[in-house]
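Here's the structure, in structure tokens; my notes come after.
Within every chain, numbering begins at 1; the chains are lettered A, B, ... in the order of the sequence lines, protein sequences first and strands thereafter.
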2 protein chains.
Amino acid sequence: MTSITPAAPIGNRAAASEARKQRIRDAALALFSQFGLRGASLDAIADQAGVSKTNLLYYFPSKEKLYVAVLQQILDTWLEPVRAIDAEQSPETAIGDYIRIKVELSRDHAQASRLFCLEMIQGAPLLREDLQSNLRLLVEEKSRVIEGWIARGSLRPVDPHHLIYLLWGTTQHYADFAVQIEAISGRTLADPAFFEATVENITRIVLGGLLPRTNADS
Amino acid sequence: MTSITPAAPIGNRAAASEARKQRIRDAALALFSQFGLRGASLDAIADQAGVSKTNLLYYFPSKEKLYVAVLQQILDTWLEPVRAIDAEQSPETAIGDYIRIKVELSRDHAQASRLFCLEMIQGAPLLREDLQSNLRLLVEEKSRVIEGWIARGSLRPVDPHHLIYLLWGTTQHYADFAVQIEAISGRTLADPAFFEATVENITRIVLGGLLPRTNADS
DNA sequence: GTCTATAATTCGATAGAC
DNA sequence: GTCTATCGAATTATAGAC
């Protein structure tokens with residue numbers, strides 16, 4: 001008798017359905033980020049999500065569709081800190097904030113960082129187009145912001161691309177190589193003191209070399 | 001009638017055998033570094049090495065044995081630049097040389113870098129012990145070298161661990177994220193001008209922030 | 001040492017009952 | 001929407017001839 005229209009406010013069924021899809025995506029992120037697209041099995045993902053494999057394939061019609069769904073949920077979050085870089089800010093504020101936010105992402109979304117890294121290592125077959133268009137334009141835009149800082153003397157000369165790569169590389173390293181860092185330092189970013197030391201040291205090295213020298217410097 | 005003793009000088013048979021094993025290891029590195037342990041099939045590796053799958057399994061009795069053989073061949077090469085860091089050198093020379101050598105490795109052994117990264121992302125199940133003992137000791141030793149530089153005023157204060165992580169992260173990034181960098185910059189490290197610009201910018205950012213300020217600085 | 005043939009699993013995906 | 005049952009392909013590894 002009752003018929004649910006697609007545009008209706010989310011009812012119990014639809015909400016439960018979306019919740020189940022999210023549980024599947026979460027489980028898929030955990031396993032894809034550790035074993036890769038081919039290394040993670042639908043059996044294992046369904047098991048971790050608490051659903052049957054058949055049921056998983058009801059919500060995501062193929063393994064690759066599930067993989068893409070997980071990747072797309074990550075991408076925007078990942079580039080948001082880059083988008084936030086603004087010419088109006090001082091380089092000290094903009095770069096300092098960027099470093100902190102990226103280290104926070106490495107702490108709170110390490111699996112997402114690792115899946116992104118895995119996809120890059122494998123040649124990013126599913127993201128290549130996006131990289132060559134959207135990401136390239138974004139980096140060009142922010143490079144001009146950095147060049148503006150250099151032109152008005154608030155940043156010492158540096159190639160903007162290489163600065164951006166250095167910022168990406170150092171901050172993501174704490175998520176992607178977390179095992180190595182924990183084996184050596186015995187700490188993780190979950191430790192507040194280690195987190196602060198990470199942000200502070202990266203910031204000091206990068207900004208210490210790039211901010212103009214004042215007479216106060218020894 | 002003729003019997004080959006194990007200690008005999010390498011004859012044609014033994015040389016051919018070793019050459020074939022090396023071809024298999026090379027093919028395995030190429031495919032493991034792109035698809036991971038589970039994602040690369042012995043069929044594909046044997047095919048790329050130009051041998052039959054059965055023959056591959058004659059030389060390496062299991063897939064995991066082959067994987068470990070490839071990993072071990074990488075490890076020493078990879079840590080050699082760290083070992084070369086010497087207290088007798090000036091920090092400018094030691095760190096500058098380290099950056100150049102690591103970027104050379106990222107250029108000439110990108111697949112090895114990526115396989116190492118893959119193994120770390122997956123939790124380094126086969127290297128964990130080695131990390132917690134050998135690598136940890138190596139990093140402690142080099143940290144004391146860095147602390148010595150700071151104590152005698154030839155390096156500004158910085159946490160040695162975070163400096164080492166930053167150097168690792170930025171240099172390896174050019175190998176592990178080569179696809180992303182090529183999509184954005186349109187260049188690779190194979191381009192000599194891009195290679196030099198990479199070394200120079202990383203060096204300038206890191207050393208610019210860490211070397212003591214002189215009166216010549218503006 | 002190298003091959004063919006095949007054993008023994010595992011995996012992604014589908015069919016069809018309920 | 002969810003389940004059981006199962007197909008068909010791919011994969012690691014072994015057996016045995018030469």
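At a threshold of 4.0 angstrom between heavy atoms, the contacts of A:F60 with the nucleic acid are absent.
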For a quick test of your reading: what N or O donor-acceptor pairs under 3.5 Å do the side chains of residues 118-129 of chain B make, sequence neighbours left out?
unit_1, atom_1, unit_2, atom_2, d
B:E119, OE1, B:Y67, OH, 2.5
B:E119, OE2, B:L126, N, 3.3

- Message: So if I define the base as every atom that isn't primed, P, OP1 or OP2, how would nucleotides 3-18 of chain C read as a B/S/- string at a heavy-atom cutoff under 4.0 Å?
- Response: BB------SBBBB---
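Every residue two or more places apart in sequence or in another chain that forms a salt bridge (charged side-chain N to carboxylate O under 4.0 Å, His left out) with A:R25 is listed here: A:E18.
Within the 4.0 Å cut-off from OP1 or OP2 of D:dG1, at least one side-chain nitrogen or oxygen of A:Y58 is found.
Side-chain contact of A:T198 with B:Y165: a donor-acceptor pair under 3.5 Å is absent, judged by distance alone.
Put simply, CD1 on B:I24 is 12 Å from P on C:dG1, counting in whole angstrom units.
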- Tell me, with the steps shown, if A:R83 and A:L138 meet side-chain contact (heavy atoms from CB on, under 4.5 Å). CA-CA 7 Å; A:R83 292 203 184 87; A:L138 181 62; 3.9 Å; yes
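Using a cutoff of 4.0 Å between basic side-chain nitrogens and carboxylate oxygens, A:R100 and A:E196 are scored as salt-bridged.
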